[in-house]
Amino acid sequence: MRSADIGVRDRTRTTDVLDRLHQEMLTELDQALQQEEPLELKARVTAVLRTAVQLRDDLTTRLREARTENDRDRLRGALDQVNVAISLLAAVEYPMVGIQRKSLETAREVLESVKFS
């Protein structure tokens, strides 16, 4: 197998992992947005935040390993959006006053727009 073929396979595997984490977060956020009970909402937001941090860490690793400027630009853009979502989720997780549903809705919108490929 040629090294170029390995790079394509690795990129596909990477995209699959990123897409899976991304979909998990969107599903969990949808469920969180339906919650009325504050403790259940907080538990769901905590789960989303953990997944978002895992996705951020994976994107950071992939960015360091990226071979082309195009890949670096694409990953950097996705990483920037995930970091915005993490900030919004943290505002829900650790609110100054009450639960910030608008931050949760905005985090979902930001995450939905993330593109890995």
Side-chain angles (χ1 to χ4, degrees):
M1 179 175 285
R2 297 182 332 223
S3 62
D5 293 336
I6 294 169
V8 169
R9 187 182 71 217
D10 287 347
R11 192 175 309 123
T12 300
R13 181 186 57 79
T14 298
T15 301
D16 290 346
V17 170
L18 297 175
D19 286 340
R20 180 185 54 77
L21 290 171
H22 185 231
Q23 191 55 51
E24 282 178 27
M25 283 188 303
L26 292 175
T27 299
E28 195 69 37
L29 274 169
D30 286 339
Q31 293 171 355
L33 285 165
Q34 296 174 14
Q35 291 301 315
E36 295 297 325
E37 211 292 303
L39 290 178
E40 182 62 28
L41 175 60
K42 184 171 173 50
R44 292 205 181 264
V45 170
T46 299
V48 174
L49 193 52
R50 280 191 199 116
T51 304
V53 168
Q54 183 181 357
L55 179 59
R56 182 208 53 209
D57 292 349
D58 198 36
L59 283 167
T60 301
T61 300
R62 304 298 175 198
L63 180 59
R64 289 183 185 131
E65 296 170 352
R67 296 182 182 152
T68 68
E69 191 62 35
N70 186 43
D71 285 346
R72 284 188 290 275
D73 289 344
R74 177 179 47 81
L75 290 166
R76 197 172 291 113
L79 181 59
D80 288 347
Q81 289 177 295
V82 170
N83 280 330
V84 167
I86 288 172
S87 294
L88 291 164
L89 291 166
V92 174
E93 182 75 8
Y94 305 103
M96 295 296 283
V97 179
I99 293 177
Q100 307 293 319
R101 281 196 180 271
K102 184 63 180 165
S103 292
L104 194 57
E105 292 165 357
T106 304
R108 197 211 182 284
E109 290 170 11
V110 168
L111 286 169
E112 188 171 38
S113 71
V114 174
K115 303 290 184 240
F116 302 110
S117 53

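As a basis for the values below, the full set of heavy atoms in this structure was taken, side chains included, without hydrogen atoms, waters or symmetry mates. Since we're looking at a predicted model, the values are computed, not measured.
For the pair Val114 and Leu18, the minimum side-chain heavy-atom distance is 4.5 Å or more. Put simply, the side chain of Leu104 reaches to within 4.5 Å of the side chain of Leu89, judged on heavy atoms. Looking at Leu59 and Arg56, their side chains never come closer than 4.5 Å, going by heavy atoms from C-beta outward.
Taking OG1 of Thr60 as the start and CG of Asn83 as the end, the distance is 7.0 Å to the nearest 0.5 Å. Considering CG of Leu33 and CD of Glu105, their distance stands at 5.5 Å, rounded to 0.5 Å. Considering CZ of Arg76 and CD of Gln81, their distance stands at 13.5 Å, rounded to 0.5 Å. With rounding to the nearest 0.5 Å, the separation of CG in Leu88 from CD in Glu109 is 9.5 Å. Distance check: Ile86 CD1 to Leu79 CG gives 8.0 Å after rounding to the nearest 0.5 Å.
For the pair Leu75 and Ala66, the tightest heavy-atom approach, listed with the atom from each and the gap, is CD1-CB, 4.1 Å. The nearest pair of heavy atoms linking Leu63 to Arg72 is CD1-O, 3.4 Å.
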Can I get a per-line list of side-chain donor-acceptor pairs under 3.5 Å for residues 44-52, giving both atom names and the distance, sequence neighbours left out?
unit_1	atom_1	unit_2	atom_2	d
Arg44	NE	Glu40	OE2	3.3
Arg44	NH1	Glu28	OE2	3.0
Arg44	NH1	Gln31	OE1	2.6
Thr46	OG1	Lys42	O	2.9
Thr46	OG1	Glu93	OE1	2.9
Thr46	OG1	Glu93	OE2	2.8
Thr51	OG1	Ala47	O	3.1

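Although no hydrogens or angles enter the test, the distance criterion places a donor-acceptor pair under 3.5 Å between the side chain of Glu37 and the main chain of Leu39. The closest donor-acceptor contact from the side chain of Ser113 to the backbone of Val110 lies under 3.5 Å.
Met25 and Val84 fall into different hydrophobic clusters, where Ile, Leu, Val, Met, Phe, Trp and Tyr are joined by side-chain heavy atoms under 4.5 Å apart, directly or via other members.
For Arg20 and Asp16, the salt-bridge test fails: no basic side-chain N is under 4.0 Å from an acidic carboxylate O.
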